[in-house]
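Here is the naming used below: chain letters follow the sequence lines, and residue numbers restart at 1 for every chain.
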Amino acid sequence: MLPRARFDHPAFSPMSVVTRFAPSPTGYLHIGGARTALFNWLYARRMGGKYLLRIEDTDRARSTPEAIDAILDGLNWLDLQHDGEITYQFARAPRHREAAEQMIARGTAFHCYMTAEEQEAVREKSHAEGRALRSPYRDGKAPPSPDASYTVRIRAPDDGDVLNADLIQGDVRIKARDIDDLVLLRADGNPTYMLSVVVDDRDMGVTHVIRGDDHLTNAARQIVIYRALNWTPPLFAHVSLIHGDDGKKLSKRHGAQAVHEWRDMGYLPEAMNSYLMGLGWTSGQENLTKEEAAPLFDLAKVGKAPSRLDFKKLDSVNAHFMALADDQRLAKLTLAHIEQRDGVTLGGAERIALANAIPVLKKRAKTIPDLADQARFVLIKRPLALDEKAQSLMKDEFKQRLQRLHAHLSKETAWDHVSLGSALKAFATEEGVGLGQIGPGLRAALTGGAPAPDLGQALELLGRDEALGRIADQI
RNA sequence: GGGCCCUUCGUCUAUCGGUUAGGACGCCUGGUUUUCAACCAGGAAAGAGGGGUUCGACUCCCCUAGGGCCUGCCA
């Protein structure tokens, strides 16, 4: 096995590392893009370098300002802040054309006058023969007419190999003759992606191109362009793609692909980052924040195989971060969720009740909607509508006991969960029964069947008046 | 058609020739017990298949199968 290149590649001193995330603004920030951005961020942090952002908007027909906003929004939500200014690729088209001219001057690119039909025929022929596309104009054949329109193509080399010593995938060797005479400049004079990336990465000083696996074979094409320009290519690291839970390529039918959908499902950004970095990379520790992971990050340890999305795992990671999250922040998120879900505005008292419940409840919730559900019992109004199971516990005999419990609890002066827990036990002893004869019914009276924490906690969170009132309602 | 990449429990992964193949999530069983959750204890669960190389292979090589990417005047 060939040794895998590492971050301490001799060509780069640690301080000079520059990475970049380069989405094309044709849609939302996808989960795979988010992970790519995260890996770029982590690596730059690890090496004390810079992490840049470039918007690849050279496809004028498909790029939209809304998509740019959505992507920036997503990155912002994940707190993946880039260094420096954002580079907008289309604005640099003149510079890209200049590079193309340079290649023509060097004889590594040429004017190609093939018409659409002609190109179709050439493509079909090369496809049938199993070889790369070669333009008939690569050796300076004269244009069909003086004013014929043309593209600029690279004159792909016919001999030798193109080696990409990929930091993640290992050595990838492709024969130069298997690479097409790629279009560099379109007939309208605008650069193609293949040219733009190369020029921009070079001009931005990018040392490590960390991107999705779907670009693996493009690396070879780009290396050819670097050579045609007599430039040194950066190091490449191709991260495998994320697949759906069925192992198939992620698509609409897998549900949420865009990061804002995860946000709407009630996941926390720090949990998303933690989960995403675990797809393909591990430090041996679970549930790390991106800040904790940065010093440990190592491209050479990133896995080569694609990984699947697992919502159960995400849930548990999210639960971990929910329990650690700031109470006020969770209260705000939960409040917003409830108000949006129910189309209501909660009053002051309800907000306070909700906020008070958060510290206790957050340890039991997987997501924000889950937390909202856990908090439901403090928000519902008297008289409670008991669900079937709760109703069935309200037998006459039990109601009498509930009455005695009401009297017992009314004497409680300290309304905190510890005292209340003891009070319940004392009451059970007094009654000569186990807590099992009291707990379920009391819970039913207190919550109507909604989920709730420990009874002592539930009583405390409800507050003396509300709790006693709910009990009284059932007597 | 051509080129290239990938393949350890259900899932994310550890292992870089010699391990009872480890952990996490999920799952199952038991415990605690006032619902749910949490928590504690235990358990089932993996090297795609076939050839080599080697004293010895999950680790190296080849083939097959299965997944994927590229093959655009998209990115």
Side-chain angles (χ1 to χ4, degrees), chain A residues 1 4 22-26 56-59 61-63 89 112 114 116 119 123 126-133 149-153 164 166 169-170 172-175 177-180 182-194 196-197 212-221 238 240-241 243 245 247-249 275 278-282 284-287 303-317 319 323 361 363-366 370 373-374 389-390 421 424 428 434-444 446-447 449-456 458:
Chain A
M1 179 172 139
R4 292 174 75 180
S24 61
T26 54
E56 306 211 319
D57 54 354
T58 53
D59 185 340
R62 294 199 302 152
S63 298
Q89 191 160 63
C112 174
M114 279 197 283
Q119 188 188 103
R123 192 188 307 288
S126 51
H127 188 274
E129 290 172 1
R131 45 181 47 226
L133 184 146
S149 80
Y150 61 87
T151 58
V152 172
R153 284 183 190 268
N164 164 27
D166 201 274
Q169 300 294 337
V172 180
R173 203 177 297 270
I174 291 178
K175 290 183 187 60
R177 70 169 129 89
D178 287 326
I179 293 171
D180 289 343
L182 304 160
V183 172
L184 266 16
L185 251 33
R186 302 177 170 104
D188 65 4
N190 281 322
T192 59
Y193 159 78
M194 218 57 80
S196 299
V197 232
D213 217 354
D214 49 340
H215 285 292
L216 185 59
T217 43
N218 285 338
R221 300 187 172 93
H238 289 91
S240 64
L241 271 17
H243 289 176
D245 55 8
K248 300 286 186 189
K249 201 178 132 182
Y275 173 71
L279 258 32
W281 177 73
T282 178
Q285 292 169 261
E286 303 277 332
N287 295 325
K304 306 163 116 177
S307 41
R308 308 181 186 205
L309 234 35
D310 180 355
F311 280 88
K312 289 282 181 52
K313 181 67 178 271
L314 211 207
D315 279 348
S316 91
V317 174
L361 267 25
K363 300 186 191 73
R364 323 159 42 92
K366 292 192 187 318
D370 192 22
D373 194 45
Q374 298 282 346
K389 192 177 162 205
L424 285 178
L435 262 183
Q437 298 301 307
I438 298 166
L442 173 59
R443 184 175 293 281
L446 253 19
T447 70
D454 167 81
L455 281 173

* Asked: Do Asn218(A) and A75(B) have a side chain to base donor-acceptor pair shorter than 3.5 Å?
  -> yes

* C63(B) versus G3(B) - spacing of their P atoms, nearest Å -> 12 Å

* Asked: When you compare C25(B) with G42(B), how far apart are their P atoms, in angstrom units rounded to a whole number?
  -> 14 Å

* Asked: Can you check the Met114(A) CE to G72(B) C1' distance for me, whole Å?
  -> 12 Å

* Interatomic distance at C1', G26(B) relative to A46(B), whole Å -> 15 Å

* To do: Starting from P on C12(B), measure out to NE2 on His243(A) and report it in whole angstrom.
  => 11 Å

* Can you figure out which of A75(B), C6(B), G2(B) approaches the side chain of Glu56(A) most closely? => A75(B)

* Same-atom distance (C1') from U54(B) to U13(B), integer angstrom -> 29 Å

* Structure fact -> Of the listed C4(B), C6(B), A14(B), the closest approach to the Val172(A) side chain comes from C4(B)

* nucleotides 33-39 of chain B: protein proximity per nucleotide (B base, S sugar-phosphate only, - neither; heavy atom, under 4.0 Å) -> -BBBB--

* Distance between P atoms of C5(B) and C62(B) (Å, rounded) -> 11 Å

* Asked: Once you round it to whole Å, what is the distance between C1' of C74(B) and CG of Leu182(A)?
  -> 13 Å

* Structure fact -> In whole angstroms, the gap separating C1' of C69(B) from CG of Asp180(A) amounts to 15 Å

* Taking the C1' atom of each, how far is G22(B) from A75(B), in whole Å? -> 42 Å

* To do: Name the closest nucleotide to the Thr151(A) side chain, picking from A75(B), C73(B), C4(B).
  => C73(B)

* Phosphate contact (A75(B) OP1 or OP2) by Ser196(A) side-chain N/O below 4.0 Å -> no

* Would you classify Ser24(A) as touching base, sugar-phosphate or nothing, given that sugar-phosphate means primed atoms plus P, OP1 and OP2, and contacts are heavy atoms under 4.0 Å? => sugar-phosphate

Hey, what are the protein-to-nucleotides 8-11 of chain B N/O distances that come in under 3.5 Å?
none

* Structure fact -> The answer to which of Thr58(A) and His127(A) contacts RNA chain B further toward the 5' end, by nearest nucleotide, is His127(A)

* Structure fact -> Correct closest heavy-atom pair for Ala390(A) and Gly449(A) would be CB-N, 4.3 Å

* What nucleotide among C74(B), C70(B), C4(B) has an atom nearest to a side-chain atom of Arg186(A)? -> C74(B)

* Asked: Out of G23(B), C74(B), G67(B), which has the shortest distance to the side chain of Glu286(A)?
  -> G23(B)

* Which nucleotide sits closest to the side chain of Ser316(A): A14(B), C73(B), G26(B)? -> G26(B)

* Rounded C1' spacing from G51(B) to U15(B) in Å -> 24 Å

* Asked: Within this structure, what is the CZ-to-P distance between Arg173(A) and C4(B), rounded to whole angstrom?
  -> 11 Å

* Separation of Asp166(A) atom CG from G3(B) atom P, in whole Å? -> 20 Å

* To do: Could you measure between the two P atoms, the one in G47(B) and the one in A21(B), and give it in whole Å?
  => 12 Å

* To do: To the nearest Å, give me how far apart NE2 (His238(A)) and C1' (C70(B)) are.
  => 11 Å

* Structure fact -> Arg62(A) CZ to C73(B) C1', in whole Å, measures 14 Å

